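Treat the numbers as computed from the prediction; the structure is a model and nothing was measured. Naming: A, B, ... by sequence-line order, numbering from 1 per chain.
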Amino acid sequence: MKQYLHKLFTQAFTQLQAQGDIPQDVSVEIHLERTREVRYGDFACNIALVLAKAVGMRPRDLAARFVEQLPSNDPSIAKVEIAGPGFINIFLTSQAYHAVIDEILTTKAVYGRSQLGAGKSVMIEFVSANPTGPLHVGHGRGAAYGAALANLLIVAGFKVHKEYYVNDAGRQMDILATSIWLRYLELCGETVTFPSNAYQGDYVWDIAASLHRQHGDALRHSSAKVFENIPADVDQGGDKEQHIDALIERSQQLLGEVSYQLVFQKGLEIILDDIRRDLEQFGVVYDQWFLESSLLVQTAIDELKAAGHTYERDGALWFRSSEFGDEKDRVLVRDNGQFTYFASDIAYHKNKFERGFDHLINIWGADHHGYVARVKAALMALGADAERLKVLLVQFATLYRGKERLSMSTRSGEFVTLRELREEVGTDAARFFYIQRKSEQHLNFDLELAKSQKNDNPVYYIQYAHARISSVFRLLQEKGLTWEHNSAMLSRLDTDGREQALLLKLSRYPEVIETAAQAYEPHQLTYYLLDLAQNFHTFYDNKQHKVLIEDQELRNARLSLIAAVQQVLRNGLTIIGVSAPEVM
RNA sequence: GCGCCCGUAGCUCAGCCCGGAUAGAGUGUUGGCCUCCGAAGCCAAAGGUCACAGGUUCAAAUCCUGUCGGGCGCGCCA
């Protein structure tokens, strides 16, 4: 509808230009807006206000010229008014609104689909937490946001590829492997002083136990040997990093390549499986799990080197990122010969670009924002169009239980994992709460509220609307009645009351999809669904609007109306990853 | 110190990108509605210097500058 009106105004504009009312050198972007109040019609256009100065006419007079150019007998336009300082208000016919119901009921799950994306491909990388432990509630927000955004972009006409980048190489993984092995040694009966910088979680015990079941004492070494000449840990007055690094090296020595890899892979497999299962149960699935270990980091570095964007200093290899807009240069290869995390990231993003996606989206935690400039710098240095990469930063979520702020520390043992959150509040509520806020907004996640099955919980409010409609159709059957959709009967619906309000809301759905997709803001959809649900509840509770009534025509018209509402609720809930229950 | 995000009703937040008509929701508070298709619901009332100060504009919550307050980031960590 909006697009249609836009076309009419564009035609009017060119017509006025042709007639000489508007100078040839004036151009303008035509904005049509939904009005806030019914007395201003359905759509308003401020073009006359915008152009008045350039044209040298009073806004209201110019508006009148525009109105003259609009078709006078258009079946979807009831009337056009000039109001206030010079707004052109357009009132649609009820016929135009009834067409919306027809469209929803015929296109069903496809209603709201847009050609905005024009089949362009988008790769979304999200969560990508290190496989060194279970996902925590912080990752949950990235997961919910990424999955909803992916769905939204699909509906908006993009081809979407969802990817999880697995950091299966690097020091953190070595720390994990070493942690597992030390726990394993304890299970073998060795006395071990567990390093302060190792992974403390219970899941490390579980992995160690699994290892022990499978291999018995085959990987055992005496703890005296393991800790021989190892620099002291921080609580012994030493340095925790040096302590753990020395232990990693010792593990590799004592176990040898093959056995060390056995421990390492065991840890990786178990944790990755756990993460994958966790996300699946959260309704988040990926097209690809990309392994860092499959990257050709050296190749990427060589390419930068060959292009003259690197130099050596203090035994390390640096990238001149400051020449590409970063605030300073960055290290690629440390003086000990190891690649930095940044080096892998360059190789990964180079790889992404080479796979030929039209757009790349990274969803990162807000603490990574310092990283954006350097990754883009590297891409520019490699000759890639860094504009194709969009990094969306997601702010942290703070958990509350009512008024009480929950500690997120690993040690507290309270609600650190996504799984625990899901088990307490359920997937639907969790998914909804995570994306209800703009992603760059700090999120206060109240567990009490999410669990509440009362009127204060927005998820249930929307789902309830859906279930209520299902219930009407169940009752319809029980009464032995049937529903027949008939466009002509829709004229029995009111044109200025609650039925009209619902029609209006339904007609806006495609616009919401487009603006939400364009802005990468699925939260807009949650607000829309709340509005739609509210409109429905208001309609439903009014004694004047009973659905299952004697009057067959009106009954069918109202059934068509609520069937359309239910369809749109379902479509929207599907995008944000929340179920649409028939009963609750 | 520099960079990014945020500041709107008691509380949690939309609206800001792209300036427009009386600034919106939920929750909380107060009052009303179940012989009637689901009360997990509906209706009504009260509640605002849009952090502050300038600027641009016919018009500023929205754009620009500065100040104040909160969060985060500024490693040869990942």
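- Among the heavy atoms of the strands lying under 4.0 Å from A:Asp335 is at least one base atom, whether or not backbone atoms are also near.
- The side-chain heavy atoms of A:Asp42 and A:Ile90, taken from C-beta on, include no pair separated by under 4.5 Å.
- The pair A:Glu125-A:Lys352 meets the salt-bridge criterion, with a side-chain N (NZ, NE, NH1 or NH2) lying under 4.0 Å from an Asp/Glu carboxylate O.
- As rounded to the nearest Å, B:C50 and B:A60 have P atoms that lie 12 Å from one another.
- Residue contacts shown for A:Ala467 include a base, since a base heavy atom lies under 4.0 Å away.
- Spacing between atom CD1 of A:Ile549 and atom C1' of B:C37 amounts to 11 Å, rounded to whole angstrom units.
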List every contact pair, protein side and nucleotides 42-45 of chain B side both N or O, where the distance is under 3.5 Å.
unit_1, atom_1, unit_2, atom_2, d
B:C42, OP1, A:Tyr461, OH, 2.4
B:C42, O4', A:Asp541, OD2, 3.0
B:C43, OP1, A:Thr538, OG1, 3.0

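- Under a 4.0 Å N-O distance rule, the pair A:Asp531/A:Lys505 qualifies as a salt bridge.
- In RNA chain B, the stems built from three or more successive Watson-Crick or G-U pairs (distances below 3.5 Å) are B:1-7 with B:68-74, B:10-13 with B:24-27, B:29-33 with B:41-45, B:51-55 with B:63-67.
- With distances taken from any side-chain atom of A:Tyr460 to the nucleotides B:C76, B:C74, B:A40, the minimum falls on B:A40.
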Sort me out a list of protein N/O and nucleotides 3-8 of chain B N/O pairs below 3.5 Å, or just none if empty.
unit_1, atom_1, unit_2, atom_2, d
B:G3, N2, A:His369, NE2, 2.4
B:C5, O2', A:Glu440, O, 2.8

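- Residue A:Phe432 contributes atom CZ, which lies 18 Å from atom P of B:U12 at whole-angstrom precision.
- Of the listed nucleotides (B:G75, B:C77, B:C37), B:G75 has the atom at the smallest distance from the side chain of A:Lys328.
- Counting any heavy atom pair closer than 4.0 Å across all strands shown, A:Arg558 reaches no nucleic acid atom.
- Here A:Tyr464 does not count as stacked on B:G38, because the ring centres are not under 5.5 angstrom apart with planes under 30°.
- Comparing A:Met584 and A:Lys479, the nucleotide of RNA chain B nearest to each residue sits closer to the 5' end for A:Lys479.
- Annotation: side chain to side chain donor-acceptor pair (under 3.5 Å) contacts of A:Trp318 (sequence neighbours excluded): none.
- Between B:A40 and B:C4, the distance separating the two P atoms is 49 Å to the nearest Å.
- Judged by atom type and distance alone, A:Asp531 does not reach the base of B:A14 through any side-chain donor-acceptor pair under 3.5 Å.
- For A:Phe539 and A:His368, each mapped to the nucleotide of RNA chain B holding its nearest heavy atom, the one lying further toward the 5' end belongs to A:Phe539.
- Within the 4.0 angstrom heavy-atom criterion, base atoms lie near A:Ala44.
- Going from atom CG of A:Leu332 over to atom C1' of B:A78 covers 16 Å, rounded to whole Å.
- Nucleotides B:C2 and B:G55 are separated by 25 Å at their P atoms, to the nearest Å.
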| query | Can A:His523 and A:Arg437 be said to form a side-chain hydrogen bond (donor to acceptor under 3.5 Å, both in side chains), step by step? | reply | CA-CA 6 Å; A:His523 78 272; A:Arg437 304 293 178 229; over 6 Å; no
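- For A:Glu484, the CD atom is loosely surrounded, since the number of other residues' heavy atoms within 6.0 Å does not exceed 12.
- Here the two rings, on A:Tyr164 and A:Phe290, have centers that are 6.0 Å apart or farther.
- Shown here, B:C74 is classed anti by the O4'-C1'-N9-C4 or O4'-C1'-N1-C2 angle, which is more than 90° from 0.
- Comment: A:Glu327 does not engage A:Arg374 in a salt bridge, judged by the lack of any side-chain N to carboxylate O separation of less than 4.0 angstrom.
- With both ends at atom C1', the span from B:C58 to B:A9 equals 30 Å, rounded to whole Å.
- Between A:Glu553 and A:Arg558 there is no salt bridge, since none of the side-chain N atoms of the basic residue sits less than 4.0 Å from a carboxylate O of the acidic one.
- Distance A:Asp326 CG to B:G75 P: 11 Å, rounded to the nearest Å.
- B:G7 and B:U56: their C1' atoms are spaced 23 Å apart (whole Å).
- Heavy atoms of A:Leu475 sit under 4.0 angstrom from primed sugar atoms or phosphate atoms, though from no base atom.
- Residue A:Tyr527 places no side-chain N or O under 4.0 Å from the OP1 or OP2 atom of B:G15.
- Looking at A:Arg492 and A:Asp551, a side-chain N of the basic residue comes within less than 4.0 Å of a carboxylate O on the acidic one, giving a salt bridge.
- Salt bridge annotation for A:Arg468-A:Asp541: present, with a cationic side-chain nitrogen under 4.0 angstrom from a carboxylate oxygen.
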| Would A:Leu332 and A:Phe339 satisfy side-chain contact (heavy atoms from CB on, under 4.5 Å), going step by step from the backbone distance to the final call? | CA-CA 6 Å; A:Leu332 296 172; A:Phe339 297 131; over 6 Å; no
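- Between A:Asp494 and A:Arg498, none of the side-chain N atoms (NZ, or NE/NH1/NH2) sits under 4.0 Å from a carboxylate O, so this pair counts as no salt bridge.
- Note on A:Asn89: a base of the nucleic acid sits closer than 4.0 angstrom, heavy atoms only.
- Among the heavy atoms of the strands lying under 4.0 Å from A:Asp314 is at least one base atom, whether or not backbone atoms are also near.
- Here, B:U12 and B:G28 have their C1' atoms 11 Å apart, quoted to the whole Å.
- For A:Arg437, the side-chain atoms get nearest to B:C13 when compared with the rest of B:C76, B:C13, B:A78.
- One C1' atom belongs to B:G38, the other to B:A61, and the distance between them is 40 Å to the nearest Å.
- Atoms NZ (A:Lys505) and C1' (B:G24) sit 11 Å apart, rounded to a whole Å.
- At B:A78, one or more side-chain N or O atoms of A:Arg334 fall inside 4.0 Å of OP1 or OP2 (strictly under the cut-off).
- Nucleic acid contact for A:Val372: none, since no nucleic acid atom lies under 4.0 Å from a heavy atom of the residue.
- With rounding to whole Å, A:Phe339 atom CZ is found 14 Å from B:C76 atom C1'.
- Protein atom CZ of A:Arg141 is 13 Å distant from nucleotide atom C1' of B:G71, rounded to whole Å.
- A:Phe536 has its ring centre less than 6.0 Å from the ring centre of A:Tyr540.
- A donor-acceptor pair shorter than 3.5 Å can be found between the side chains of A:His485 and A:Ser560.
- Of the possible donor and acceptor atoms, none in the side chain of A:Gln566 sits under 3.5 Å from a partner among the backbone N and O of A:Ile469.
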N/O contacts under 3.5 Å, protein versus nucleotides 56-63 of chain B?
unit_1, atom_1, unit_2, atom_2, d
B:C58, OP1, A:Lys53, NZ, 3.3

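- For B:G48 and B:U8, the P atoms lie 15 Å apart once the distance is rounded to whole Å.
- With sequence neighbours excluded, the residues that form a salt bridge (charged side-chain N to carboxylate O under 4.0 Å, His left out) with A:Lys79 are A:Glu81.
- The phosphate of B:G15 has OP1 or OP2 within less than 4.0 Å of a side-chain N or O from A:His523.
- For the pair A:Glu521 CD and B:A14 P, the computed distance is 9 Å after rounding to whole Å.
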